[in-house]
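All remarks here apply to the structure that follows.
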Amino acid sequence: MSLYSEKVMDHFKHPRNVGVIENPDGVGEVGNAKCGDIMKIYLKIDGDIISDVKFETFGCGSAIASSSMATELIKGKPLKDALALTNKAVAEALDGLPAYKMHCSVLAEEAIRAAILDYYKKHNLPYDPELFKECDHEHDHDGHEGGDGE
Amino acid sequence: MFVYADNAATTKIRPAALKVYQEVSEKFFGNPSSLHSAGQRAKEELERCRQAVANILGCEAKEIYFTSGGSESDNQAIESAARAGARKGKRKIVSTAIEHHAVLHTLKKLEKEGFEVVLLPVGKNGIVSLDEAKKEIDENTCLVSVMLANNEIGTIQPVEEIGGYCRALGVPFHTDAVQAVGHMPVNVKDLHCDYLALSAHKFGGPRGVGALYARTGAPLSNLIEGGAQERGKRAGTENLPAIAAMTEALQESVKNLPEYMKRVSALRDKLIGNLSKIEHCALNGDSVRRLCGNVSFCFEGIEGESLLLLLDDKGICASSGSACTSGSLDPSHVLLAIGRVHDVAHGSLRLSLSEDTTEEEIDYMSEEIPKVVSYLRSISPVWRDLQEGRRSFIL
């Protein structure tokens with residue numbers, strides 16, 4: 001299918017870091033089933049480094065691919081790098097996403113942020129609340145209505 | 001293995017229809033509106049097709065108008081009846097919640113112009129009831145429009161009954177028969193309809209051609225102006241090769257209709273039986289009153305687009321009512337209308353069979369689909385929550 005780039009299809013069909021971490025240091029879950037996508041990120045953190053990351057995703061091809069790519073981009077990296085990860089960086093690393101699928105990359109960014117916040121809170125660590133301002137994820141999938149055509 | 005199971009979206013053209021398309025292009029190249037002999041031969045071919053289509057639908061040739069397809073036919077029928085109704089001060093239109101967008105969007109447009117549009121609900125089985133229709137059809141009603149068979153869940157609507165009721169009251173009645181023609185018996189007399197829309201590419205004809213049946217005396221206004229073609233009701237040089245190919249496809253599909261229906265519904269039921277074994281899934285639409293080739297399921301805990309992409313990777317072409325396959329926020333209006341909540345409507349799958357579908361293809365799909373569903377569930381946080389009791393099963 002040419003809807004997605006080869007990279008999106010590769011990460012969708014062969015997702016990296018899929019699964020669960022037992023006793024994670026931080027967990028973040030964003031999205032909701034009503035909208036059709038939920039992402040859950042599990043983190044293992046050693047010192048300041050994300051030593052392991054896993055994800056579970058309920059959603060479309062680009063949601064699964066965005067989760068996979070986002071985990072690849074933060075694995076082994078310091079927390080500050082993970083916090084600096086933007087949805088645009090995830091989308092670019094996937095060689096782009098269709099406009100109405102950009103919200104999938106937003107979900108990936110938010111899931112990582114939520115997992116890191118969970119880590120700070122669970123471990124009573126100081127953090128800058130400015131970095132975790134509640135942002136409603138844009139559901140920018142207004143577009144055509146699909147169907148069979150008559 | 002390659003399995004094409006999206007015949008409700010479009011069918012592969014029948015070889016006989018393709019042959020006719022080429023022959024007619026070569027042999028009847030004249031413009032049917034031209035006075036010379038080449039034109040007149042084309043005109044004769046056009047009228048032969050019109051008569052053949054009329055014979056199959058049980059009407060007169062002059063009641064058949066060739067169009068660009070189902071959407072145009074639906075638009076023209078609805079707009080014609082609405083405009084004629086408005087001239088008599090009648091501005092209420094009764095339809096159903098599960099119509100195709102060709103109908104729903106036309107009604108939305110008319111609603112903005114001041115028409116009152118009532119969409120009848122359907123039961124959990126995906127079928128509208130005559131009683132519900134009776135409650136809404138009144139002296140202000142200028143049109144009732146009920147599809148014959150639904151494109152997503154395949155349910156067959158009580159069009160004969162509703163049409164009969166409308167006829168007795170003198171209320172114009174339209175049926176979108178796009179999914180039905182070529183797949184079940186369709187006769188305009190039995191359906192008591194004033195308008196009927198059909199589309200060639202749903203029964204092995206080419207795309208971009210269809211027909212509108214408009215009963216003699218039923219108001220008909222133009223969508224396209226610019227010439228006297230189609231008795232002045234649809235301007236534009238007739239797409240004769242496509243019309244002839246459609247006619248051929250229609251004749252071929254109705255020729256063995258009972259055998260086709262029997263064979264394909266047996267394959268359908270086998271596939272439904274096999275897929276029903278997947279835990280926490282549900283068949284969409286009535287199990288008996290449905291098109292012989294339609295299989296539609298919702299699977300809990302997964303999303304339809306990822307399901308389609310992985311099935312495509314296995315060579316299976318299918319369709320889904322998930323929001324992510326359409327670019328809209330909401331899943332299919334049809335699935336919502338039969339009471340599927342958003343969470344499970346996103347996990348829908350439609351497989352639409354054809355007369356080319358084989359037993360081996362059914363076996364292959366029965367084997368591969370459960371594997372893909374199971375894989376997607378294994379990476380789904382929703383499925384984990386369901387399994388671990390943090391979320392309650394709906395299906």
Side-chain angles (χ1 to χ4, degrees), chain A residues 1-4 8-20 27-42 54-68 98-104 107 111 138-150, chain B residues 6 8-10 69-74 100-103 105 151-152 176 178-179 197-199 201-202 207 210 301-306 308-310 312-313 319-329 331-333 341-347 376-385 391:
Chain A
M1 285 194 188
S2 57
L3 168 66
Y4 294 130
V8 171
M9 287 309 288
D10 177 41
H11 276 263
F12 164 61
K13 287 198 261 183
H14 312 285
R16 282 65 144 175
N17 309 310
V18 68
V20 183
V27 182
E29 183 175 308
V30 295
N32 67 68
K34 194 171 183 279
C35 295
D37 33 34
I38 295 186
M39 265 178 215
K40 195 167 183 178
I41 300 256
Y42 302 82
K54 296 270 187 220
F55 81 89
E56 288 180 308
T57 292
F58 160 87
C60 57
S62 61
I64 292 170
S66 295
S67 318
S68 169
Y100 71 101
K101 296 285 190 182
M102 281 303 284
H103 74 279
C104 293
L107 275 185
E138 303 155 50
H139 251 304
D140 188 23
H141 26 194
D142 287 338
H144 66 286
E145 273 163 309
D148 300 313
E150 297 237 297
Chain B
D6 200 14
T10 197
S71 296
E72 185 188 332
S73 298
D74 280 329
H100 188 275
H101 287 126
V103 170
H105 287 182
N151 51 313
E152 292 184 39
D176 171 356
V178 166
Q179 291 289 332
L198 67 86
S199 181
H201 73 109
K202 305 295 189 185
R207 289 160 233 216
I302 61 169
E303 193 281 325
E305 192 217 66
S306 45
L308 292 190
L309 292 171
L310 289 180
D312 186 51
D313 206 41
S319 158
S320 170
S322 142
C324 271
T325 61
S326 69
S328 90
L329 187 59
S332 138
H333 65 286
V341 296
H342 280 65
D343 307 39
V344 297
H346 287 298
L376 285 171
R377 282 175 170 174
S378 78
I379 68 167
S380 162
V382 175
W383 185 250
R384 179 175 300 280
D385 285 351
R391 188 187 279 270

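Letters A, B, ... are given to chains in the order of the sequence lines, protein chains preceding strands, and every chain is numbered from 1.
- The most heavy-atom pairs under 4.5 Å with chain A, out of Ser199(B), Ser332(B), Ser71(B), come from Ser71(B).
- Summarising the geometry, atom CG belonging to Leu309(B) is positioned 8.5 Å from atom CD1 belonging to Ile64(A); distances are rounded to the nearest 0.5 Å.
- In this structure, the side chain of His342(B) does not engage the main chain of Ala33(A) through any donor-acceptor pair within 3.5 Å.
- Neither the backbone nor the side chain of Arg377(B) comes within contact range of chain A; no heavy atoms are under 4.5 Å apart.
- Contact annotation for Ile38(A): both backbone and side-chain heavy atoms come within less than 4.5 Å of a heavy atom of chain B.
- Interface remark: of the candidates Gly210(B), Gly301(B), Gly69(B), Gly301(B) forms the most heavy-atom pairs closer than 4.5 Å to chain A.
- Taking chain A as the reference chain and counting heavy-atom pairs below 4.5 Å, the highest number among Thr10(B), Asp74(B), Val178(B) is found for Val178(B).
- Residue Arg207(B) does not touch chain A at all, counting heavy-atom pairs closer than 4.5 Å.
- Rounding to the nearest 0.5 Å places CG of Asp313(B) at 6.5 Å from CE of Met9(A).
- Comparing Asp6(B), Asp343(B), Ile302(B), Val341(B) by how many heavy-atom pairs each has under 4.5 Å with chain A, the most go to Asp343(B).
- The part of Ser62(A) that comes within reach of chain B is its backbone (N, CA, C, O), which places non-hydrogen atoms under 4.5 angstrom from that chain.
- Top candidate by heavy-atom pairs under 4.5 Å with chain A, chosen from Ser306(B), Ala197(B), Ser319(B), is Ser306(B).
- Proximity of a side-chain donor or acceptor of Glu303(B) to a complementary backbone N or O of Phe58(A) within less than 3.5 Å is not detected.
- The contact between Gln179(B) and chain A is made entirely by side chain atoms (from C-beta outward), counting heavy-atom distances below 4.5 Å.
- Across every non-hydrogen atom of Cys60(A) and Glu305(B), the tightest pair is CB-OE1, 3.2 Å.
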